[in-house]
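Here is the structure we will look at, set down as structure tokens.
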Amino acid sequence: MLIIFSGLPGSGKSTIAQLLVQKRLAAYLRIDAIEHSILQSGEHTNIGPTGYMVAYELAASNLALGIPVVADSVNPLEITRRAWREVATKMTSPFIEVEVVCSDRTEHERRVTSRKSDISGFKLPTWDNVVLHYYEPWHSTRLEIDTALITANEAAELILERWKALSAPD
């Protein structure tokens with residue numbers, strides 16, 4: 001199973017993704033951590049799609065071993081969303097696309113401006129960065145989660161229910 005997260009910074013996707021991995025053991029691939037490590041190498045100042053490309057290969061490697069994967073990223077472009085689906089298809093793994101939003105703008109801003117990075121040396125985006133972040137509309141089926149309406153734990157449980165349904169024998 002490949003769980004593909006998407007959503008703006010501060011929406012709650014990393015919190016939900018990490019809770020999901022605690023509830024159901026899986027490889028956890030976080031684009032922020034991958035991209036930060038690449039930048040820390042000193043070899044790159046602008047990595048473009050490199051972080052996503054690394055994550056696609058890590059996901060495929062884990063899926064080939066039968067290890068479920070939770071992919072945590074903003075995933076703002078249709079091309080990256082399609083690439084994640086192609087990884088799952090290539091590995092003959094089911095997948096769930098999850099878009100996490102926070103419909104309460106005041107709450108979303110509070111989260112963005114008050115959070116602390118859990119990645120050493122990683123600079124979190126500002127509220128202005130989040131508001132101006134390019135994010136393409138969705139055209140595929142996904143599980144939409146609004147963290148202004150449900151808790152992170154409830155969201156993780158919804159994903160687990162979908163996961164179990166897709167994993168059940170026909």
What side chain to side chain donor-acceptor pair (under 3.5 Å) pairs are there with at least one residue in residues 2-12, not counting sequence neighbours? Ser6-Tyr135
For Arg81, which residues count as a salt bridge (Lys or Arg N to Asp or Glu O under 4.0 Å) partner, sequence neighbours excluded? none
Tell me the salt bridge (charged side-chain N to carboxylate O under 4.0 Å, His left out) pairs involving residues 119-141, sequence neighbours left out? none
Please tell me if the side chains of Leu143 and Glu97 come closer than 4.5 Å, counting only heavy atoms from C-beta onward. no
Pairing residues for Glu99 by the salt bridge (Lys or Arg N to Asp or Glu O under 4.0 Å) criterion, not counting sequence neighbours: Arg142
A side-chain contact here means heavy atoms from C-beta on lying under 4.5 Å apart; do Val70 and Leu2 qualify? no
Arg111 to Gly10 - nearest heavy-atom pair and separation: CD-O, 3.2 Å
Rounded to the nearest 0.5 angstrom, the CD1-OG1 distance for Ile38 and Thr50 is 5.5 Å
So, Ser140 versus Arg82: side-chain donor-acceptor pair below 3.5 Å or not? no
Should we say atom CZ of Arg105 is surrounded by more than 12 heavy atoms from elsewhere, each under 6.0 Å from it? no
In terms of hydrophobic clustering (I, L, V, M, F, W, Y; side-chain heavy atoms under 4.5 Å; direct or indirect links), are Tyr28 and Val98 co-clustered? yes
By side chain to side chain contact (heavy atoms under 4.5 Å, CB included), Val112 pairs with (sequence neighbours left out) His108, Trp127, Val130
Which atom of Ser14 lies closest to which atom of Asp72, heavy atoms considered: OG-OD2, 2.7 Å
Could you tell me if the side chain of Pro9 sits less than 4.5 Å from the side chain of Val74, heavy atoms only? yes
When you compare the side chain of Val69 with that of Ile3, does any pair of heavy atoms fall below 4.5 Å? no
Only counting residues at least two apart or in another chain, list the ones meeting salt bridge (Lys or Arg N to Asp or Glu O under 4.0 Å) with Asp118. Arg30
Do Phe5 and Ser73 have side chains that get closer than 4.5 Å, going by heavy atoms? no
Residues at least two apart in sequence or cross-chain that pass ring-ring contact (aromatic ring centres under 6.0 Å, His included) with Phe122, listed by chain then number, are His36
Side-chain touch Leu19/Gln22, heavy atoms, less than 4.5 angstrom: yes
Would a 4.5 Å heavy-atom cut-off, applied to side chains only, mark Lys13 and Ile16 as touching? no
For residues 89-96, dump all side-chain donor-acceptor pairs below 3.5 Å to protein atoms at least two apart in sequence or in another chain.
from	atom 1	to	atom 2	distance (Å)
Thr89	OG1	Arg85	O	3.0
Ser93	OG	Met91	O	3.4

Not counting sequence neighbours, which residues clear ring-ring contact (aromatic ring centres under 6.0 Å, His included) with Tyr56? List them please. Trp84
Thr147 (side chain) donor-acceptor with Val100 (main chain) under 3.5 angstrom: no
Glu154 side chain to Thr151 backbone, donor-acceptor under 3.5 Å: yes
Locate the shortest heavy-atom distance separating Ala55 from Ile34; write the atom from each residue and the value. CB-CD1, 3.8 Å
Does Glu144 reach the side chain of Trp138, with side-chain heavy atoms less than 4.5 Å apart? no
Would you please name every residue forming a side chain to side chain donor-acceptor pair (under 3.5 Å) with Ser103, sequence neighbours left out? Asp146
Residues that Asn153 engages under side chain to side chain donor-acceptor pair (under 3.5 Å), provided they are two or more places apart: Lys23
Which hydrophobic side chains are connected to Leu77, either touching it within the sub-4.5 Å cutoff or through other members that do? Ile79, Tyr134
Residues Ile31 and Gly51: closest non-hydrogen pair is CD1-O, 3.7 Å
